[in-house]
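These numbers come from a predicted model, not from an experiment.
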Amino acid sequence: MRILHTSDWHLGQHFMGKSRQAEHQALIDWLLLQVDAHAVDAVLIAGDIFDTGAPPSYARELYSQLVVRLHGAGVALLLLGGNHDSVATLGESRALLACLNSTVVAAVDDAAHQVVVLPLRGGTGDKGEAGCVVCAVPFIRPRDVLQSQAGQSAEEKQQSLQAAIQAYYQAVHDAGRARQAELETVLGRTVPLIATGHLTTVGASSNESVREIYVGSLDAFPTAAFPAVDYLALGHIHKPQKVGGLEHIRYSGSPIPLGFDEARQQKEVLLVDLGAQGLTAITPLVVPRFQPLVSVSGNLLELADAIRAAALEGCAEQSVWLEVTVAQDDYLADLPARIDALTQGLPVEVLRLRRQRGNAAASITGELSETLDELSPMDVFARRLAQEELAPELHVALDQRYRAVVTSLTEAQA
């Protein structure tokens, strides 16, 4: 049995005024090629399929396209709800998708209902073609597994939640073991048992693109609290990684960078091979970068070289999306115009301009001896604006609006 494990697609993400539609379309096209090239039996998406609970229509179209194309290839699809996903949105097409060899597990249910049998390629059921049994656990909300009690301290609430999640995993695991035993009796062979999850675990390395919603107040779930399975497919953390050094507990990470902090990450999906003896191999497949995303920093002199280097990743048909962080020169009032001059004629687009606040604060602190009488209204506004992280066009617009206001007031007093 070969499973392709991925997670955190965030279909419909609106990224600093930019749509990711073209990237997600390219991802689906690439994924279908890998499914054929590597003889994948089933695809598993471990949560955060959509970026919001009410995804735009094009995101729903991409979702439907993925289901239909995998069905046409004879490949099963298992979709788990994440903290970004709406239970209602995922659940509305659940019955229809079941006819297309796709199983949707949007929310916590009775333990027996969380057990899914994934078939080998071309199969549509349990009879003879069963490839593995999945304890299909989606994102767990506290209300799903726990009733709050009055008078508990924060630590007691966290301990109660952890115990409730652990008990739920164990209940689903027990149901999975029972289903595994039934299939072994029918098939005369051992069917691997795996599990899923969408949460933060102890030892996982996160980043700023991960929304800080774990499981209620539970910051991280201990890996030792998971039941024993052949493979544990996790989602929520966007950086691909083993957990606690354990080969069989993996985050696949997001297939595209969802923030500039992920720009340097090598994105991947995981080919997971399972047999009668359990896990036999895990092979990362590197996902191509469909949209260049680069973060550069430094003073203006350093940035000139860095921006030219970043531009080499772009072309006339596709510009590089840039995050520019200015150090040392961050106090300059005309910084957006200077950055704009550095990018002229290059296949780059600045999506975020940041001022290194530490230096800006130091510059202002060093001028505390000045009085307002020594500063013009323009100076005061420029120094205040320098403390904000704004898009270049907004920075310019605010500066122009303020200058127009000051000019009109000056003319009125003349």
In H10, H14, Q13, the residue satisfying side-chain hydrogen bond (donor to acceptor under 3.5 Å, both in side chains) with D51 is H10
Sorted by chain and number, sequence neighbours left out, ring pair (Phe, Tyr, Trp, His ring centres under 6.0 Å) with H5 holds for Y231
The salt bridge (charged side-chain N to carboxylate O under 4.0 Å, His left out) partners of E92 (sequence neighbours excluded) come to R60
Those residues at least two apart in sequence (or on a different chain) that pass side-chain contact (heavy atoms from CB on, under 4.5 Å) with L312 are none
If you measure only the distance, is there a donor-acceptor pair under 3.5 Å linking the side chains of S252 and S7?
yes
*Going by atom types alone, do H198 and N83 pair a side-chain donor with an acceptor below 3.5 Å?*
yes
Residue pairs meeting salt bridge (Lys or Arg N to Asp or Glu O under 4.0 Å), one or both in residues 71-80, sequence neighbours left out, come to none
The side chain to side chain donor-acceptor pair (under 3.5 Å) partners of T89 (sequence neighbours excluded) come to S86
With sequence neighbours left out, the residues meeting side-chain contact (heavy atoms from CB on, under 4.5 Å) with H173 are Q170, R177, L193, P227, V229
Taken in chain and number order and not counting sequence neighbours, the residues that satisfy ring pair (Phe, Tyr, Trp, His ring centres under 6.0 Å) with F226 are Y169, F221
Across all chains, not counting sequence neighbours, the side-chain contact (heavy atoms from CB on, under 4.5 Å) partners of H38 are R2, Q34, V40, L271, L285
Below 4.0 angstrom, N of the basic side chain to O of the carboxylate: do K242 and E247 qualify?
-> yes
Exercise. Is there side-chain contact between W321 and V348, with heavy atoms separated by less than 4.5 Å?
Worked result: no
- Message: Can a side-chain donor-acceptor contact be found between D110 and Q114 if the only test is distance below 3.5 angstrom?
- Response: no
Salt bridge (Lys or Arg N to Asp or Glu O under 4.0 Å) pairs touching residues 4-24, sequence neighbours excluded, are K18-E349, R20-E23
Under 3.5 Å, is there a donor on one side chain and an acceptor on the other for Q328 and N299? yes
Residue set satisfying side-chain contact (heavy atoms from CB on, under 4.5 Å) with R308, at least two apart, ordered chain then number -> A304, D305, L346
query: Could K267 and E262 be called an ion pair, given the rule that one side-chain N must be under 4.0 Å from one carboxylate O?
result: yes
> Do side-chain atoms of D41 reach the backbone of R121 as a donor and acceptor pair under 3.5 angstrom?
Replying inline: yes
By salt bridge (charged side-chain N to carboxylate O under 4.0 Å, His left out), D174 pairs with (sequence neighbours left out) none
Is it the case that the side chain of S295 and the backbone of F260 share a donor-acceptor pair, with hydrogens and angles ignored and the cut-off at 3.5 Å? no
Residues passing the ring pair (Phe, Tyr, Trp, His ring centres under 6.0 Å) test with F290, sequence neighbours excluded, are none
